[in-house]
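Single-structure report; data block below.
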Amino acid sequence: MLTTEGLTLHYGGSQILNGIDLEAKAGVVTCVMGTNGVGKTSLLKALAGTHPRSGGTVTLDGEALPVLPAQQMARRGLAVVPQGRMIFPLLTVRENLETGFSLLPKADHKVPDEIYDLFPVLKDMGHRRGGDLSGGQQQQLAIARAMIMRPKVLLLDEPTEGIQPNIIQQIGRVIEYLKAKGNMAIILVEQYFDFAFDLGDQFYVLKRGAVNLSHPKEGLTREALQAALSI
């Protein structure tokens, strides 16, 4: 569904990503892992269009995409749940969800029952302001908002960060549900090892802005992945 070849990214005079080759298929959870500062979030920004890539190609459904701003990448089918969630604190839960309508035809401007089935707390708190929710509830809202956009590729940046264990379990179940539907590629940036290893199907470990390990779950032991992360 989505591939990158030789993807590079700079911040000013510093090169952050060094020739990233990555493949994310529909119905597959592709995990991007590594220590702090290796370029994981920068990779998602390059894919989402929030920071323009410097070089390399991004191909979606067989079509090579030019360097596009975030709005245009969203229209092509990429939705991001950013680190820190970035919900609108003064809008209600319902209004936050409705911001996802901007990419949909007017006839589809409604919150699907599926959203409330997966995140029942959002229905109960529909009239509360986003800023009044707990961190875990805000994370659920951010994922739900991305789902409303009906993305081809869902980019998740550290979805477990600062979240209580029961919400982490629920987020894991949602990712498994979306994977099972088979029509969406999921790219998961995650440092919580057990969460990532349990959910992931394909693993990429970054080191100094380059791919240090690329391996499917099959044949990859926990110990080998942990060793790659510690190098």
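With hydrogens and angles disregarded, no donor-acceptor distance shorter than 3.5 Å links the side chain of K179 to the backbone of I186. Of the possible polar contacts, one joining the Y204 side chain to the E23 backbone as a donor-acceptor pair under 3.5 Å is found. Between the side chain of Q170 and the main chain of L118, a donor-acceptor pair closer than 3.5 Å is present. Remark: side-chain polar atoms of H10 are not paired, donor with acceptor, to backbone N or O of S54 under 3.5 angstrom. The backbone N or O of L91 sits less than 3.5 Å from a side-chain atom of N96, completing a donor-acceptor pair. A donor-acceptor pair under 3.5 Å is absent between the side-chain atoms of Q226 and the main chain of A228, judged by distance alone. Of the possible donor and acceptor atoms, none in the side chain of H127 sits under 3.5 Å from a partner among the backbone N and O of T92. Although no hydrogens or angles enter the test, the distance criterion places a donor-acceptor pair under 3.5 Å between the side chain of N18 and the main chain of R208. Side chain of K207 to main chain of S230: no donor-acceptor pair is present (N/O by atom type, distance under 3.5 Å, no hydrogens or angles). At least one donor-acceptor pair under 3.5 Å links the side chain of D21 to the backbone N or O of G6.
Side-chain heavy atoms closer than 4.5 Å link hydrophobic residues (I, L, V, M, F, W, Y) into clusters, and following such links, possibly through other members, connects I175 to M184. By the rule that hydrophobic residues join a cluster once side-chain heavy atoms approach within less than 4.5 Å of another member, V205 and Y192 end up as members of separate clusters. Hydrophobic clustering (side-chain heavy atoms under 4.5 Å, transitive across Ile, Leu, Val, Met, Phe, Trp, Tyr) keeps V174 apart from V28. Residues M33 and F195 do not share a hydrophobic cluster, clusters being chains of Ile/Leu/Val/Met/Phe/Trp/Tyr side chains in contact below 4.5 Å. Side-chain heavy atoms closer than 4.5 Å link hydrophobic residues (I, L, V, M, F, W, Y) into clusters, and following such links, possibly through other members, connects I115 to V81.
Here the side chains of L133 and Q140 are not in contact, with every heavy-atom distance at 4.5 Å or above. Contact annotation: the side chain of L78 approaches that of L60 to within less than 4.5 Å [non-hydrogen atoms, C-beta and beyond]. Side-chain contact between L225 and L213 is present, with at least one heavy-atom pair separated by less than 4.5 Å. With a 4.5 Å cut-off on side-chain heavy atoms, L178 and L154 count as touching. A 4.5 Å side-chain heavy-atom check between L65 and M73 finds at least one atom pair inside the cut-off. Within the 4.5 Å cutoff, the side chain of I20 has heavy atoms near those of the V211 side chain. Inter-residue side-chain proximity for L141 and M125 is flagged as unmet; no heavy-atom pair is nearer than 4.5 Å. Taking the side chain as every heavy atom from C-beta outward, D201 and P216 never approach each other to under 4.5 Å.
For the salt bridge (charged side-chain N to carboxylate O under 4.0 Å, His left out) test, residues two or more places apart in sequence or in another chain that qualify with E63 are R76. Scanning for side-chain hydrogen bond (donor to acceptor under 3.5 Å, both in side chains) contacts around E114 gives Y177, K181, with sequence neighbours left out. Not counting sequence neighbours, the partners of Y11 by the ring pair (Phe, Tyr, Trp, His ring centres under 6.0 Å) test are H51. Residues that satisfy the side-chain hydrogen bond (donor to acceptor under 3.5 Å, both in side chains) test with Q139, not counting sequence neighbours, are absent from this structure. D132 is linked by a salt bridge (charged side-chain N to carboxylate O under 4.0 Å, His left out) to R129, counting only residues two or more places apart in sequence or in another chain.
Taking CZ of R94 as the reference point, atom CD of E98 lies at 5.0 Å (rounded to 0.5 Å). Atom CG in L122 sits 11.5 Å away from atom CG in D117 (nearest 0.5 Å). Of the inter-residue distances, the one linking Q83 atom CD with E161 atom CD reads 4.5 Å to the nearest 0.5 angstrom. Interatomic distance, L155 CG to L188 CG, rounded to the nearest 0.5 Å: 10.5 Å. To the nearest 0.5 Å, atoms NZ (K45) and CG (L47) are separated by 12.5 Å. Distance check: I143 CD1 to I148 CD1 gives 12.5 Å after rounding to the nearest 0.5 Å.
Contact detail for L9 and A46: the closest heavy-atom pair is CD1-CB, 3.6 Å. For the residue pair A146 and P151, the shortest heavy atom distance occurs at O-CD, 3.4 Å. Between G39 and L17 the shortest heavy-atom distance is O-CD2, 3.5 Å. Contact record, F203 with L220: CD1-CD2, 3.7 Å, taken as the closest heavy-atom pair. In plain terms, the two heavy atoms of L104 and H109 that are nearest each other are O-NE2, 3.0 Å. The shortest heavy-atom contact between Q72 and L68 is CB-CB, 3.9 Å.
In this structure, M149 shares a hydrophobic cluster with L103, the cluster being traced through Ile, Leu, Val, Met, Phe, Trp and Tyr side chains under 4.5 angstrom apart.
For T160 and E190, the side-chain atoms include at least one donor-acceptor pair closer than 3.5 Å.
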(request) Using the side-chain contact (heavy atoms from CB on, under 4.5 Å) rule, take L156 and I171 through it: C-alpha gap first, then chi angles, then the decisive distance, then the call. (result) CA-CA 11 Å; L156 297 166; I171 290 171; over 6 Å; no

(request) Kindly indicate, with the supporting measurements, whether the criterion side-chain contact (heavy atoms from CB on, under 4.5 Å) is fulfilled by F119 and Q137. (result) CA-CA 9 Å; F119 303 107; Q137 291 164 347; over 6 Å; no

(request) Quick one: do L43 and L22 satisfy side-chain contact (heavy atoms from CB on, under 4.5 Å)? Show the steps, please. (result) CA-CA 10 Å; L43 174 59; L22 177 144; 4.0 Å; yes

(request) For the pair I187 and L2, evaluate side-chain contact (heavy atoms from CB on, under 4.5 Å) and give the outcome as yes or no after the intermediate values. (result) CA-CA 10 Å; I187 299 179; L2 180 141; 4.3 Å; yes

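A cation-pi contact links K217 to F197, judged by a cut-off of 6.0 Å to the six-membered ring centre and 45° from its axis.
Salt bridge status for R150 with D108: present, with a side-chain N to carboxylate O gap under 4.0 Å. In summary, D198 and R222 engage in a salt bridge, as defined by a charged side-chain N under 4.0 Å from a carboxylate O.
No more than 12 heavy atoms of other residues, nucleotides or ligands shown are found within 6.0 angstrom of NZ on K25. Within 6.0 Å of the CG atom in N166, the count of heavy atoms belonging to other residues, nucleotides or ligands exceeds 12.
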